[in-house]
Each structure stands twice: as structure tokens, then as C-alpha cells.
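Written out below as C-alpha cells is the structure these notes cover.
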Amino acid sequence: MKMSRLMNETVREAPSVTEVKGHELLLRAGFVRQVAAGVFSYLHLGQRALQKLEAIMRQEMDALGGQEIKMPLVHPAALWQASGRWYEIDAELGRLVDRNGRSLTLALSHEETLAELARQEIRSYRQLPQLAYHIQTKWRDDPRPRAGLIRSREFTMLDSYSLDADDAGLAAQYQAHYDAYFRIFARCGLPVLAVEADVGMMGGTQADEFMYLTPIGEDTLLLCDGCGYRANRQVATFRKPETGGDTQAMQFVAELVVGEEKLERVVTAVLAHHSQLNETKLVHLLDAQRLRPTADQATDLWLVDDGVTGWSGQVDKVADIAAAQDGDACTSCGQPLRTVRAVEVANIFKLGTRYSRTMGVTFVDAHGVAQPIVMGSYGIGVTRLLACLAEQHHDAAGLVWPVAIAPYQVHLLALRGGLETAVSLYNDLQQAGIDVLFDDREERPGVKFNDADLIGLPLRLTLSQRSLAAGGVEVKIRGDGETAVVPLNDLLNHVTAWLAEQ
RNA sequence: CGGGGCAUGGCGCAGUUUGGUAGCGCGCUUCGUUCGGGUCGAAGAGGUCGUCGGUUCAAAUCCGGCUGCCCCGACCA
């Protein structure tokens with residue numbers, strides 16, 4: 001691609017809307033443009049990088065025996081009503097009505113659609129197991145998009161869905177995805193940590209989240225250096241310390257959804273004085289949809305944390321409802337837990353029969369008996385991954401893409417006296433199958449160098465009178481700044497060999 | 001949804017306190033100059049000051065409604 005034809009203006013100053021470095025650089029280098037809050041266009045370089053990410057994901061999913069499919073962005077409300085999520089999920093679900101008055105939803109996720117597909121296609125245990133995946137746009141009307149692509153409302157996900165006859169089959173596919181996801185992140189160049197997680201709005205029985213550790217993350221993790229325990233704060237357990245008997249009480253209205261009905265119960269939570277409430281634990285205990293604080297109402301249910309001693313008031317239930325904090329003791333080994341911030345880039349769920357039971361997705365087993373299909377769902381936030389990669393791979397001058405995901409592999413710069421040679425080199429490189437971004441613009445050297453640093457392609461090739469006088473092409477590695485002059489007739493080999501090493 | 005902030009040319013900002021009809025830097029166009037780290041000079045183009053209404057002889061500036069965007073919290077892949 002010639003830069004003279006690229007609709008890709010780089011900007012020198014940081015746009016005022018950016019708060020995190022990765023977002024700033026993606027905007028300045030011309031990878032993305034914001035269209036509305038949490039909604040983005042991907043310019044050519046951004047789209048290329050996304051395609052690289054998606055190619056890696058396809059390879060790894062195909063290697064698991066996955067079949068790529070594509071499910072729609074718009075779903076009939078009936079599917080979501082059947083699973084119950086139409087009623088359970090509030091304003092995050094994009095709802096619309098078509099010209100004939102039919103209710104539709106925008107794809108917040110695709111469990112319902114896949115379950116419906118399975119209901120139509122799967123009859124017998126002989127057709128199981130199955131693995132289908134797709135890469136598709138999602139809409140979640142997040143109450144507060146932030147940090148660019150890290151938390152947007154419209155985003156792209158890789159979703160994989162497994163269908164099995166039993167829990168053992170699910171466990172195998174779950175483990176296969178667990179391993180495959182690590183391979184995907186390793187190939188993309190993003191360090192991640194898998195942690196125990198809440199199942200959240202997906203439902204199901206078990207979940208792990210793949211976390212990119214960064215101070216700009218909005219999840220808090222608890223890690224144990226003693227035994228390796230690691231969990232999202234939402235589910236993290238810890239040894240309750242001895243307390244002096246001081247307690248605190250907090251009152252909530254718990255909103256429950258039973259079928260299409262909404263119910264409310266007033267709950268008072270009692271905690272040790274120094275504890276913090278873990279609302280996720282409380283929500284699960286109550287089987288509630290959400291909580292909102294209240295005060296001075298007649299309590300329907302008294303919940304006391306299992307770390308409380310000396311509570312003499314009413315008790316309806318004792319359970320773990322406290323949030324683990326930095327320095328709390330690990331449940332299994334007693335070492336102090338530490339907290340870190342992280343961005344969730346992927347998650348995997350054992351859905352079990354949560355969707356197949358509610359939506360009537362069954363198969364006939366070997367004994368001729370209808371059974372609910374056992375499902376798993378596995379997702380990677382593709383656009384969020386791009387944002388994390390920009391966050392992870394940059395320096396003061398700009399982005400520094402790993403070869404595997406760089407929108408182009410080399411950045412060819414033609415300076416004074418080098419244009420003619422550069423043009424023929426551009427053709428040679430492309431014929432050799434190398435992705436080249438060619439800066440053929442009439443700009444001063446400084447502009448080209450700075451843009452090249454900002455865009456951050458792995459190799460920079462400079463052709464000029466000076467380089468030719470020195471013996472050929474200047475080759476500069478973006479990552480470590482190492483430069484060398486390579487003779488023209490050796491360049492193709494040099495570049496190919498270097499790329500192959502990465 | 002609660003709290004805070006912002007909205008002036010493509011981008012970043014000043015001007016608003018104290019009302020008098022819009023300015024700076026970058027970018028863009030043309031010419032010259034320079035040519036390996038965002039050269040230098042000259043001449044240009046480009047703005048219903050988010051929007052609707054009010055006050056006033058006069059509103060970017062004062063008042064009110066609305067919209068959009070950002071940040072903190074709640075929430076969330």
C-alpha cells in the first residue's frame with residue numbers, strides 16, 4: 001500500500017478525548033476514529049491489524065476442529081424471551097421494533113442464536129460433540145464507555161460454542177479452549193493471566209477470565225504468590241480474620257426476575273467492621289438481578305457474613321458475602337493476597353444446560369431418551385485485544401507492533417535520491433509475499449521518520465542517496481532501534497530471514 | 001442513573017470573569033527555499049462560536065431548555 005493513497009492522516013497532538021496511551025496512539029497513528037461514544041470506525045491500518053488477529057484466531061479454532069459460521073447481528077426478541085435474558089438483562093440489551101411491530105434485539109451475545117441453531121440441527125448423540133465459532137459484531141449499551149476500544153459499546157468478538165452430550169465432554173472442550181486461548185494470546189504478543197471468574201450475565205457453572213494486567217484495567221484481581229491462587233475480586237475467597245465483634249449493616253433492595261415477573265426484597269447484610277461487601281456474592285446468594293442501596297425499610301432477609309463474630313441480631317442465613325482485599329489471607333495457603341488491576345480480554349464459560357433447558361435444546365441419547373445439550377461458550381474481545389496490544393506495545397515515539405499482528409510487516413521510505421530504487425524494491429518485496437507500506441509521499445525526511453515511528457511497523461527500510469552511497473538500504477528494527485545497511489541484492493533474503501526469526 | 005467538566009475553522013487551544021461582532025499554534029492550498037528526524041519565508045483558503053429560546057441597541061461572552069462528548073462513581077467483555 002502506498003501512503004500517498006492512504007486515507008490515514010497522522011496527528012501530531014494528542015486528541016483531547018484520550019485518557020490512555022494506547023487509545024491516543026491508535027488515534028494519532030490513524031488506526032481508528034471515534035464515531036460516537038463507544039462506537040468506532042477502523043481505518044485501513046486498524047482493519048489490517050484486526051484481520052491479523054482474526055487470522056490467528058481462525059487458525060487456532062480450526063485446529064480445535066471448530067467450524068466457522070456466522071450468526072446475525074439482529075435477533076428476534078422471542079429467542080431472548082425463551083432464554084429469559086430478555087427479562088433479566090436491563091438497558092444493556094439493544095431493543096428495537098421493526099416496521100411490522102416485531103420486537104428485535106441487537107446481538108449482545110449469541111448463546112440464544114447458537115442454541116436455536118442446535119435445536120434445529122442436532123437430533124442425536126451421534127452428532128455430538130460440536131464446535132462452532134464466529135467472529136461478529138456485538139452491541140452492548142454500556143452505561144459508560146471509556147478508554148477508547150478498551151470499553152466500547154459496539155465491538156467485535158470471537159465467540160466459540162461447544163455442544164456436548166455430557167459434562168465430561170464439556171470439560172474436555174473447555175480445557176481445549178483454555179489452552180487454545182493461551183496460544184492465541186502468546187501469538188498476538190499479549191501477556192495474560194487466567195483467573196477464576198463470575199459467570200455474570202452468561203449464566204452457567206464455571207468461568208475463567210483471561211486478564212491483561214495493567215493499571216488502566218477496571219477489574220481487580222487477587223493473586224496469591226504462595227500457592228498461585230488467582231481470582232477476580234467478584235469471586236475471590238479469603239480467610240476471615242478474627243474480629244473484635246464490631247459489625248456494620250447495609251440495606252439493599254434486591255431485584256429478582258422470576259420468569260417475566262419482577263420482585264423486590266429488602267435485604268440487610270451484616271459484615272465485620274473492617275470488611276467490604278462483595279455485591280457479586282450477594283447477588284448470587286439471593287439469585288437476584290441487581291441490588292440498589294436503601295435504608296430504613298423493614299428487612300425481609302438478614303444475611304450475615306461468615307466472618308462475623310458476636311452478632312446478636314436476627315440471622316436468616318450465614319454465608320461469605322465479603323470482598324477480598326489486599327493483604328487478606330489466601331484460603332488455601334494463608335499467604336497474603338495482593339491486588340492488581342486488569343482488563344478482561346477473554347472469558348470462557350461452562351454454560352451447562354442453562355440455555356438448552358430454557359430453550360428446549362435436546363438430543364436423543366444412546367438409550368433413546370431426550371437430554372438437554374451441554375453447552376460451553378468462549379469469547380475473545382477482538383477489538384479490545386487490539387487496544388490492549390497498543391497499550392502493551394509502544395514507546396515514547398509511537399506504536400511498536402509485533403510482527404504477527406502488525407498491519408504491514410515493513411515500512412518502506414523513499415527519501416531524496418531513493419524513489420526510483422524504492423519503487424522497484426516495493427514491487428520485489430510484494431512479489432516475495434511481504435506486506436509493505438510504502439511512504440512515497442512528498443514529505444521531508446523528518447516527517448516520514450516520525451510517522452514511521454508512530455505507526456510502528458516492525459522493519460523500516462530507508463532508501464536515499466545517502467543509503468545508496470553507503471551500500472544499499474538502511475534497515476531499522478522498530479523494536480530495538482538497531483540499524484544496518486544492507487546491499488540491495490541481499491535485501492530480500494535479509495528481510496525474509498529476519499521476519500522468519502520473529 | 002448520581003457527581004463533575006467540556007463544546008470556538010480538520011486537530012490542539014485562547015477569548016467568556018468585565019457584552020461591542022473572533023484569534024493563536026499545528027494542519028491544508030500556492031510560490032520560493034530546504035532535503036536523514038515534524039526546515040524557513042511569503043501569500044491564501046477555511047468558523048451560522050453544539051443547538052433552540054430569552055435578556056439587550058448589541059451575545060462566543062449573560063440567563064434558561066435541549067443535545068453531544070469526556071472524567072469519577074454505580075455497572076460492565
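Labels below follow one simple rule: chain letters A, B, ... track the order of the sequence lines, proteins then strands, and each chain is numbered from 1. This is a predicted model, so every value here is computed, not measured.
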Length of the line joining [X]:[atom1] and [N]:[atom2], which is rounded to integer Å:
{"X": "A/Glu255", "N": "B/rA74", "atom1": "CD", "atom2": "P", "value": "17 Å"}
{"X": "A/Arg153", "N": "B/rC70", "atom1": "CZ", "atom2": "C1'", "value": "13 Å"}
{"X": "A/Arg290", "N": "B/rG2", "atom1": "CZ", "atom2": "P", "value": "16 Å"}
{"X": "A/Arg441", "N": "B/rG38", "atom1": "CZ", "atom2": "P", "value": "15 Å"}
{"X": "A/Glu442", "N": "B/rU29", "atom1": "CD", "atom2": "C1'", "value": "14 Å"}
{"X": "A/Ile150", "N": "B/rC75", "atom1": "CD1", "atom2": "P", "value": "20 Å"}
{"X": "A/Arg146", "N": "B/rC76", "atom1": "CZ", "atom2": "P", "value": "15 Å"}
{"X": "A/Asn8", "N": "B/rG27", "atom1": "CG", "atom2": "P", "value": "17 Å"}

Considering only atom [atom1], compute the distance from [N] to [M] and round it to an integer number of Å.
{"N": "B/rG50", "M": "B/rC69", "atom1": "C1'", "result": "10 Å"}
{"N": "B/rC26", "M": "B/rG38", "atom1": "C1'", "result": "10 Å"}
{"N": "B/rG46", "M": "B/rG4", "atom1": "P", "result": "41 Å"}
{"N": "B/rA14", "M": "B/rG47", "atom1": "C1'", "result": "15 Å"}
{"N": "B/rU67", "M": "B/rU48", "atom1": "P", "result": "24 Å"}
{"N": "B/rC76", "M": "B/rA22", "atom1": "C1'", "result": "44 Å"}
{"N": "B/rU56", "M": "B/rC66", "atom1": "C1'", "result": "23 Å"}
{"N": "B/rU16", "M": "B/rU8", "atom1": "C1'", "result": "11 Å"}

Check your understanding: Of the options A/Tyr378, A/Phe349, A/Phe210, which is the one that meets A/Tyr178 in a ring pair (Phe, Tyr, Trp, His ring centres under 6.0 Å)?
Key ->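 By the ring pair (Phe, Tyr, Trp, His ring centres under 6.0 Å) criterion, A/Tyr178 pairs with just one of A/Tyr378, A/Phe349, A/Phe210: A/Phe210.
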Point to revise | Phosphate OP1/OP2 of B/rG25 contacted by A/Arg12 side-chain N/O (<4.0 Å) | key: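 No, A/Arg12 has no side-chain N/O under 4.0 Å of OP1/OP2 on B/rG25.
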Exercise for review: Identify, residue by residue, the members of residues 31-57 of chain A with a heavy atom below 4.0 Å from RNA chain B, and return them in order of residue number, or none.
Suggested key: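 Within this stretch, A/Gln34, A/Ala36, A/Ala37 sit under 4.0 Å of the strand.
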Going by the rule side chain to side chain donor-acceptor pair (under 3.5 Å), which residues pair with [X] if we only count those two or more places apart in sequence or in a different chain?
{"X": "A/Arg58", "answer": "A/Glu68"}
{"X": "A/His23", "answer": "none"}
{"X": "A/Asp142", "answer": "A/Arg151"}
{"X": "A/Arg441", "answer": "A/Asp439, A/Asp451"}

Nucleotide N/O to protein N/O under 3.5 Å, stretch nucleotides 34-36 of chain B:
{"from": "B/rU34", "atom 1": "O2", "to": "A/Arg444", "atom 2": "NH1", "distance (Å)": "2.4"}
{"from": "B/rC35", "atom 1": "O2'", "to": "A/Arg416", "atom 2": "NE", "distance (Å)": "2.9"}
{"from": "B/rC35", "atom 1": "N3", "to": "A/Arg416", "atom 2": "NH2", "distance (Å)": "3.3"}
{"from": "B/rC35", "atom 1": "N4", "to": "A/Arg416", "atom 2": "NH2", "distance (Å)": "3.1"}
{"from": "B/rG36", "atom 1": "O2'", "to": "A/Arg466", "atom 2": "NH1", "distance (Å)": "2.3"}
{"from": "B/rG36", "atom 1": "O2'", "to": "A/Arg466", "atom 2": "NH2", "distance (Å)": "3.4"}
{"from": "B/rG36", "atom 1": "N7", "to": "A/Ser464", "atom 2": "OG", "distance (Å)": "3.0"}
{"from": "B/rG36", "atom 1": "O6", "to": "A/Ser464", "atom 2": "OG", "distance (Å)": "2.4"}
{"from": "B/rG36", "atom 1": "O6", "to": "A/Ser467", "atom 2": "N", "distance (Å)": "3.3"}
{"from": "B/rG36", "atom 1": "N1", "to": "A/Glu474", "atom 2": "OE2", "distance (Å)": "3.2"}
{"from": "B/rG36", "atom 1": "N2", "to": "A/Glu474", "atom 2": "OE1", "distance (Å)": "3.0"}
{"from": "B/rG36", "atom 1": "N2", "to": "A/Glu474", "atom 2": "OE2", "distance (Å)": "2.2"}

[N] - base-pair partner by Watson-Crick or wobble geometry, distances under 3.5 Å:
{"N": "B/rA7", "result": "B/rU67"}
{"N": "B/rA14", "result": "none"}
{"N": "B/rG2", "result": "B/rC72"}

Practice item. Could you check A/Ser152 against A/Glu19 and say which one's nearest nucleotide on RNA chain B is further toward the 5' end? Key: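 In this pair, the answer is A/Glu19.
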Practice item. Between A/Thr10 and A/Glu279, just flag the one whose closest nucleotide in RNA chain B comes earlier from the 5' side. Key: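 Looking at RNA chain B, the more 5' nearest nucleotide goes with A/Thr10.
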**Study point:** Contacts of A/Asp141 that satisfy salt bridge (charged side-chain N to carboxylate O under 4.0 Å, His left out) - sequence neighbours left out
**Key:**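 If we apply the salt bridge (charged side-chain N to carboxylate O under 4.0 Å, His left out) test to A/Asp141, skipping adjacent residues, the hits are A/Arg153.
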Review point. Taking only residues two or more places apart in sequence, or in another chain, which ones meet A/Glu92 in a salt bridge (charged side-chain N to carboxylate O under 4.0 Å, His left out)?
Key: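 With neighbours one apart ignored, the set is empty.
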Check your understanding: Going by the side-chain hydrogen bond (donor to acceptor under 3.5 Å, both in side chains) test, which pairs reach into residues 25-43 of chain A, not counting sequence neighbours?
Key ->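 Listed by first then second residue: A/Glu24-A/Arg28.
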Review point. Below 4.0 angstrom, N of the basic side chain to O of the carboxylate: do A/Glu279 and A/Arg290 qualify?
Key: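 No salt bridge links A/Glu279 with A/Arg290.
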Review point. Below 4.0 angstrom, N of the basic side chain to O of the carboxylate: do A/Asp320 and A/Lys281 qualify?
Key: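 A salt bridge links A/Asp320 with A/Lys281.
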Exercise for review: Determine whether the side chains of A/Ser467 and A/Glu474 contain a donor N or O and an acceptor N or O closer than 3.5 Å.
Suggested key: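 Side chains of A/Ser467 and A/Glu474: no pair found under 3.5 Å.
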Check your understanding: Can you list the residues that meet the ring-ring contact (aromatic ring centres under 6.0 Å, His included) rule with A/Tyr426, with sequence neighbours excluded?
Key ->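 For A/Tyr426 the ring-ring contact (aromatic ring centres under 6.0 Å, His included) partners, ignoring immediate neighbours, are A/Phe438.
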Point to revise | ring-ring contact (aromatic ring centres under 6.0 Å, His included) partners for A/Tyr212, two or more places apart | key: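 Once residues adjacent in sequence are excluded, A/Tyr212 has no partner under the ring-ring contact (aromatic ring centres under 6.0 Å, His included) criterion.
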Practice item. Describe, in one word, how the ring planes of A/Tyr408 and A/His44 are oriented to each other, choosing from parallel (under 30°), tilted (30 to 60°) and perpendicular (over 60°). Key: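 It falls in the tilted class, 30° to 60°.
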Exercise for review: Would you mind classifying the nucleic acid contact of A/Ala147 as base, sugar-phosphate or nothing, using non-hydrogen atoms under 4.0 angstrom?
Suggested key: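 Contact class for A/Ala147: sugar-phosphate only.
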Exercise for review: Give A/Asp219 one of three labels, base, sugar-phosphate or nothing, depending on what nucleic acid heavy atoms sit under 4.0 Å from its own.
Suggested key: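 Nothing, no nucleic acid heavy atom in range.
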Are any protein N/O atoms closer than 3.5 Å to N/O atoms in nucleotides 6-13 of chain B? If there are, list each pair with its distance.
{"from": "B/rG12", "atom 1": "OP1", "to": "A/Ser16", "atom 2": "N", "distance (Å)": "3.2"}
{"from": "B/rG12", "atom 1": "OP1", "to": "A/Ser16", "atom 2": "OG", "distance (Å)": "3.2"}

Review point. Does any N or O donor sit under 3.5 Å from an N or O acceptor when you compare the side chain of A/Arg144 with the base of B/rC1?
Key: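 By the distance-only test, no, there is no pair.
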